[in-house]
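Whatever order the structure lists them in is the order used to number ligands and atoms, beginning at 1. Everything numeric in this text was worked out from a predicted model, so none of it was measured.
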Amino acid sequence: MSWLTEFVRPKIRTLLGRTDVPDNLWHQCPACQQMIFHRELDTAKKVCPHCGHHMRATAADRLNWTFDEGSYTRIDLPKVVADPLKFRDQKKYADRLREARETSKQEDALLVAHGTIGGHKAVVAAMESSFMAGSMGAAVGEGLVAAARLAVLQAAPLIIYTTSGGARMQEGAISLMQMPRTTIATQMVKEAGQPVIIVMTDPTTGGVTASFAMLGDIHIAEPGAMIGFAGPRVIEQTVREKLPEGFQRAEYLLEHGILDMVVKRAELTATLTRLIALLTAHHKAAA
Ligand SMILES: [Zn+2]
């Protein structure tokens, strides 16, 4: 790779208004439009080195970044009834599921793994936004219950990375039932004396915000993450008022007491390590 292709070509293409730069080589920051070389982006954990914009990350990225040396054991999640309502809109739900599985190489919108974070054992559940917008159906609900059970069994904290468009409409009432189920899941971990730490990433909305995402002991969000229940347009139409600047963004929510902290991705693992050490200290003292 020469200096010319690495650094000059994308700029020229940008000037010419062309965007056909190979995806695997360069990324354009959606916030500042600057071009970033993919290796640089990987090292920066998908954070723009120019403006600090936190780009969306996959569930696998989350696990790799969170666990010590990127080493962890994934657990198989319970199988659920596929397409219980035989739902179809423009497309059959069964087809949507198949396509999402092919592109994401995941069974559904959640991965669960266990390992250590800063030397402390932990269970991590991470949602995948590219899988049907990270929507929560029975599989995600069952997966979170499985994650909670594992945390109880291992006497380990549960860390959940959320990113979701909300309940999965193709599963109707069954997706709504996952709200109480995931609520119970977080409760199980707390009753076992283990902390539940929620890391909200962009975007966290709908039924996920209205259930387990707001039920952690500690609520962390990534900078700039959109977090809310209904979208801003729906709220504006309902309350007939203009919403304030930055409404539903992590920083605004921190100021208004919804979140405990907004943490940059680069500092997240260190923060989690510190929190786990603080919140589980009483177990060590008692032992
Ligand atoms: Zn940027």
Item to check | For V80, the rest of its hydrophobic cluster, which grows through side-chain links under 4.5 angstrom | outcome: none
Item to check | Apart from V234 itself, residues in the same hydrophobic cluster as defined by side-chain heavy atoms under 4.5 Å | outcome: none
Next on the checklist: Does D83 form a salt bridge (Lys or Arg N to Asp or Glu O under 4.0 Å) with R88? I'd like the steps, not just the answer.
Outcome noted: CA-CA 10 Å; D83 196 8; R88 93 174 281 161; over 6 Å; no
Next on the checklist: Before you tell me yes or no, could you show the steps for R39 and D42 under salt bridge (Lys or Arg N to Asp or Glu O under 4.0 Å), namely the whole-Å CA-CA distance, both residues' side-chain angles and the distance that decides it to 0.1 Å?
Outcome noted: CA-CA 5 Å; R39 256 183 275 156; D42 279 349; over 6 Å; no
Checklist entry - For K91 and E99, what are the C-alpha separation, side-chain angles and deciding distance, and is it a salt bridge (Lys or Arg N to Asp or Glu O under 4.0 Å)? => result CA-CA 11 Å; K91 259 191 213 173; E99 282 164 26; 2.8 Å; yes
Checklist entry - Using a distance threshold of 2.8 Å, what protein N/O/S atoms lie below it relative to the Zn ion (ligand 1)? => result C29 SG, C32 SG, C48 SG, C51 SG
Checklist outcome for this item: Contacts satisfying salt bridge (Lys or Arg N to Asp or Glu O under 4.0 Å) that involve residues 250-279 (not counting sequence neighbours) are E222-R265
